[in-house]
Amino acid sequence: MAREAAGKPPEEILLDWKREQASLKARVVDQDTEAWQLDPAFSGLQRVGGVDVSFVKDDSGSACASLVVLNYPELEVLYEDCRMVTLTAPYVSGFLAFREVSFLVDAVQRLQEREPCLMPQVLFVDGNGVLHHRGFGVACHLGVLTDLPCIGMAKKLLQVDGLKNNALHKEKIQLLKAGGDSFPLMGSSGTVLGRALRSHDHSTKPLYVSVGHKISLEAAVRLTHSCCKFRVPEPVRQADIRSRDYIRRTQEVQGAPDPQSGRSKEAQRPKACPQGVSEEPAGTSKGTSAGGKACPRF
């Protein structure tokens, strides 16, 4: 999750960001665009990706941006890329993408250049999609810039358009009895912005799933559930674990080498790439970062 930084951009910068969000929002596709999305078993889906940004403890400007790709339905890690980055834009609620998304786009571009056979067919994003103040969260932003199907997945309810984490909302959560159960998040405008999903039988706290780009809400919810070994979808969980470990290992080494070298002992070996393409991953290993995240991601 994003960590709040001191300072706030001038009002003219925020206005520019709002204009850019509005312009890019016009390009969001909230319907299924791929054949595999229409299949009840997601036949044809072979690779799912997850992204995450983990922060160095007590340093809101230093972070590790990570991208992982897993096979589907096995959910084994095929590829990982971790990079230490310096964030210069402050965290402002509703504008997370302007702080983080460029580093995630770079990770996708590196994968496309080095291991195109491992490009994910869908990306899970630790943040909101159309469930957002202006209907254009970080999952939408990343989806439009990469032209990949994206799913927004948040662990806390973003209270917009009349949505409230009140007693009624908590009662609805209690009615989610099994993994896969969900209910719609309808705003005061009458628009369904996402769904609250019980992602696992043993998880009592829901996930808040919303459309990012090029996928319907129904398919996004079903796929999120199918990718959950635990509460959080495995692509995001692995991206988080590996980024945190990467930060820890980087901090342990004085004069640490280029973050593009080395792999964590715990990391799964990448699978062979088809058609004779090198199986060596393009990025670095990710593991557990020595930092935390505190703010809702949007």
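Given the structure is predicted, the values throughout are model-derived calculations rather than measurements.
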Report task. Establish whether Ile13 and Phe98 are linked, either directly or via other cluster members, by ILVMFWY side-chain heavy-atom contacts under 4.5 Å. Result -> yes
Requested in this report: Starting from the C-alpha separation in whole Å, work towards a yes-or-no answer on side chain to side chain contact (heavy atoms under 4.5 Å, CB included) for Asp30 and Leu217.
Outcome: CA-CA 7 Å; Asp30 61 1; Leu217 179 59; over 6 Å; no
Query raised in the report: So which heavy atom on Leu123 is nearest to which on Val108, and how close?
Result: CD1-CG2, 4.2 Å
**Report entry** Minimum heavy-atom distance between Asp32 and Ala219, given as atom pair plus value
**Finding:** OD1-CB, 3.4 Å
Query raised in the report: Among pairs that include at least one residue of residues 161-190, which meet salt bridge (Lys or Arg N to Asp or Glu O under 4.0 Å), considering only residues two or more places apart or in two chains?
Result: none
Query raised in the report: Can you tell if the side chain of Pro233 reaches within under 4.5 Å of the side chain of Leu207, non-hydrogen atoms only?
Result: yes
Requested in this report: State, with a plain yes or no, whether a side-chain heavy atom of Ser226 is found less than 4.5 Å away from one of Pro73.
Outcome: no
Query raised in the report: Is the closest side-chain donor-acceptor distance between Ser60 and Tyr91 under 3.5 Å?
Result: no
Query raised in the report: Which atom pair, heavy atoms only, marks the closest approach of Tyr72 to Ala41?
Result: CE2-O, 4.5 Å
Query raised in the report: To the nearest 0.5 Å, how far apart are CE in Met84 and OG in Ser243?
Result: 9.5 Å
Requested in this report: Look up atom OG in Ser210 and atom CG in Leu193, then write down how far apart they are to the nearest 0.5 Å.
Outcome: 8.5 Å
Query raised in the report: Ignoring hydrogens and geometry, is there a side-chain-to-backbone donor-acceptor pair from Gln37 to Glu34 under 3.5 Å?
Result: yes
Report task. Using a 4.5 Å cut-off on heavy atoms from C-beta on, say whether the side chain of Phe55 contacts that of Leu87. Result -> yes
Would you be so kind as to tabulate the donor-acceptor pairs closer than 3.5 Å made by side chains of residues 139-154, with sequence neighbours excluded?
{"from": "Thr146", "atom 1": "OG1", "to": "Leu142", "atom 2": "O", "distance (Å)": "2.7"}
{"from": "Thr146", "atom 1": "OG1", "to": "Leu148", "atom 2": "N", "distance (Å)": "3.4"}
{"from": "Asp147", "atom 1": "OD1", "to": "Lys214", "atom 2": "NZ", "distance (Å)": "3.4"}

Query - Sequence-distant partners of Arg134, side chain to side chain donor-acceptor pair (under 3.5 Å), two or more places apart - result: Gln21
Query raised in the report: Can you list every side-chain hydrogen bond (donor to acceptor under 3.5 Å, both in side chains) pair that touches residues 192-207, not counting sequence neighbours?
Result: Ser182-Arg195
Query raised in the report: Ignoring hydrogens and geometry, is there a side-chain-to-backbone donor-acceptor pair from Arg83 to Ala65 under 3.5 Å?
Result: no
Query raised in the report: With sequence neighbours left out, what residues match Gln109 under side-chain contact (heavy atoms from CB on, under 4.5 Å)?
Result: Val105, Asp106
Report task. Quick one: do Leu24 and Phe136 satisfy side chain to side chain contact (heavy atoms under 4.5 Å, CB included)? Show the steps, please. Result -> CA-CA 8 Å; Leu24 294 175; Phe136 192 76; 3.3 Å; yes
Report task. Under the side-chain contact (heavy atoms from CB on, under 4.5 Å) rule, collect the residues that match up with Glu11, sequence neighbours excluded. Result -> Leu14, Leu15
Query - Point-to-point distance, once rounded to the nearest 0.5 Å, from CH2 of Trp17 to CD of Glu12 - result: 11.5 Å
Report summary line: In short, Ile173 meets Pro206 closest at the heavy-atom pair CD1-CG, 3.8 Å
Query - Pairs involving residues 164-190, ordered by first then second residue, that meet ring pair (Phe, Tyr, Trp, His ring centres under 6.0 Å) (sequence neighbours left out) - result: His169-Phe183, His169-Tyr208
Listed pairs under 3.5 Å, donor-acceptor, residues 43-50 side chains, sequence neighbours left out:
{"from": "Arg47", "atom 1": "NE", "to": "Met119", "atom 2": "O", "distance (Å)": "2.7"}
{"from": "Arg47", "atom 1": "NH2", "to": "Met119", "atom 2": "O", "distance (Å)": "3.3"}

**Report entry** Note, Asp240 side chain near Asp126 side chain (heavy atom, < 4.5 Å)
**Finding:** no
Query - Considering all heavy atoms, the nearest Ile247-Ser54 contact - result: CD1-O, 3.4 Å
Report summary line: Output for pair (Leu38 CG, Gln31 CD), nearest 0.5 Å, gives 10.0 Å
Query raised in the report: Thr33 and Ile215: side chain to side chain contact (heavy atoms under 4.5 Å, CB included), yes or no, with the steps?
Result: CA-CA 6 Å; Thr33 60; Ile215 192 168; over 6 Å; no
Requested in this report: Please tell me if the side chains of Phe124 and Val51 come closer than 4.5 Å, counting only heavy atoms from C-beta onward.
Outcome: no
Query - Closest contact, heavy atoms only, Val53 versus Ala63 - result: CG1-CB, 3.7 Å
Report task. Would you please name every residue forming a side-chain contact (heavy atoms from CB on, under 4.5 Å) with Asp16, sequence neighbours left out? Result -> Arg19
Requested in this report: Could you grab the distance from atom CG of Leu96 to atom CG of Asn128, nearest 0.5 Å is fine?
Outcome: 9.5 Å
Query raised in the report: What distance separates Lys25 NZ from His132 NE2, expressed to the nearest 0.5 Å?
Result: 9.5 Å
Report task. Consider only side-chain heavy atoms of I, L, V, M, F, W and Y, link residues closer than 4.5 Å, and tell whether Val29 and Val138 are in one cluster. Result -> no
Requested in this report: Among residues two or more places apart or on two chains, list those pairs meeting salt bridge (Lys or Arg N to Asp or Glu O under 4.0 Å) that have a residue in residues 225-234.
Outcome: Glu234-Arg237
Requested in this report: With sequence neighbours left out, write down each residue that passes side-chain contact (heavy atoms from CB on, under 4.5 Å) with Ala107, or none if nothing qualifies.
Outcome: Leu67, Asp81, Arg110
Requested in this report: Compare all side-chain heavy atoms of Leu158 with those of Leu163 and state whether any distance is below 4.5 angstrom.
Outcome: no
Query - Chi angles and distances behind the side chain to side chain contact (heavy atoms under 4.5 Å, CB included) call for Asp52, Val125 - result: CA-CA 7 Å; Asp52 182 69; Val125 182; over 6 Å; no
Report summary line: Hits for salt bridge (Lys or Arg N to Asp or Glu O under 4.0 Å) against Glu218, two or more places apart or cross-chain, chain-then-number order -> Arg222
